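A short worksheet on the structure shown next.
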Amino acid sequence: MVLCSLCGREPAVAKLRYAGVVLCRECFLRYFEERVRRTLDSLGLTHELSGKLVAVATSGGKDSLNTLFLLNKLKEEYDYDILAILIDEGISGYREFKRKALEAFCDKFKISFKVVSMRDSLGYDIDTVAKLSYEGKIDLKPCSVCGVFRRYLVNLEALKAGVDYIATGHNLDDEVQTFIMNFIRGDLASMVREGPFLHEDFPGFIPRFKPLYYVPEKESLIYFMLNGLETPYVECPYAPLSMRYYIRNLINRIEYASPGTKLRILSLKEHLRTIKGKVPSPSLRKCEICGMPTTRRVCRTCEIRMLLSRV
Ligand code: FES
Ligand code: ZN
């Protein structure tokens with residue numbers, strides 16, 4: 001039996017290859033939660049969240065449920081309220097299962113939640129968008145529409161509910177993938193802007209933070225399982241069509257061959273964020289159609305809806 005590298009007494013349940021250590025259940029949970037707490041503290045949220053309403057944007061997957069679980073656990077200590085928001089994109093064979101998982105989770109932990117239908121709110125669901133894309137009627141991938149619509153609706157619903165902060169379940173792997181995708185697109189402004197906390201002083205923009213920013217996806221899965229949390233392991237059927245899917249597999253292969261790769265990329269990303277002020281980035285304005293914050297004359301959501309309405 002392999003014993004925990006920290007306490008040396010209990011059997012190890014998690015191997016952190018990048019650090020060359022194995023941890024037992026107790027030490028792993030403590031290590032995990034401490035890292036999340038340190039992240040919140042480093043973002044200046046220790047006292048800032050007091051008396052506030054925090055919305056957790058959740059898909060019903062392990063990372064967003066972990067985020068909900070952790071923020072629910074810390075809410076008395078930090079003194080805030082939480083609300084879960086799930087956007088139903090209308091993806092059959094996937095969404096209904098994840099939605100049930102969220103409902104069961106919120107029932108169990110007595111968390112209020114809101115489910116928002118993309119079709120009811122914006123007139124389109126992602127199954128329809130995917131069909132139009134397959135038929136060559138639009139030059140848009142389901143994922144790019146889904147990401148834009150989901151972010152838009154989470155912000156909109158949070159505004160309606162009087163939310164002060166939005167928390168998302170992005171983990172270290174997501175951040176590294178986004179960084180590489182921005183690199184491939186040559187989008188330096190996004191490479192230096194995106195971090196664990198995003199705040200723009202503009203009406204209608206709700207500050208967002210990412211409690212799992214420094215947590216590798218594999219550790220998020222271990223935490224989820226050790227806490228006995230449940231979600232069906234179904235993946236969105238359109239995920240393999242996205243660039244993210246390709247990048248994720250590629251980085252996982254590199255990480256396997258060279259442990260610590262993801263951490264090194266993240267630390268490069270952190271380093272680059274220090275030059276944020278030197279990279280010109282477009283400022284926010286109000287969308288001429290819907291009035292939501294955007295960097296364009298017409299926001300991407302309104303633009304896509306116009307495009308879809310012409311098909
Ligand atoms: Fe589901 Fe992209 S539309 S992962
Ligand atoms: Zn708009």
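Please read all numbers here as calculations on a predicted model, not as lab measurements. Positions are given from 1, in the same order as the sequence printed here. Order of listing sets the numbers, starting from 1, for every ligand and every atom in it.
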Count of N, O or S atoms belonging to protein, less than 2.8 Å from the Zn ion (ligand 2): 4
Is the number of heavy atoms from other residues, nucleotides or ligands under 6.0 Å of Tyr246 OH greater than 12? no
I need the minimum non-hydrogen distance between Gly61 and Thr231, along with the two atoms involved. CA-OG1, 4.3 Å
Pairing of Glu103 and Lys100 as salt bridge, 4.0 angstrom limit: no
Partner residues of Arg253 under the side-chain contact (heavy atoms from CB on, under 4.5 Å) criterion, sequence neighbours left out: Leu250
Residues at least two apart in sequence or cross-chain that pass side-chain contact (heavy atoms from CB on, under 4.5 Å) with Glu10, listed by chain then number, are Cys7, Cys24
Going by the angle between their ring planes, with limits at 30° and 60°, are Tyr165 and Phe197 parallel, tilted or perpendicular? tilted
Which of parallel (below 30°), tilted (30 to 60°) and perpendicular (above 60°) describes Phe28 and Tyr223? tilted
Hey, is Glu175 close enough to Lys262 for a salt bridge, meaning N to O under 4.0 Å? no
Carefully, step by step, assess Arg264 and Ser258 under the rule side chain to side chain donor-acceptor pair (under 3.5 Å). CA-CA 11 Å; Arg264 288 191 292 274; Ser258 173; 3.0 Å; yes
Ignoring waters, how many protein N/O/S atoms are under 2.8 Å from atom 2 (Fe) of ligand 1? 1
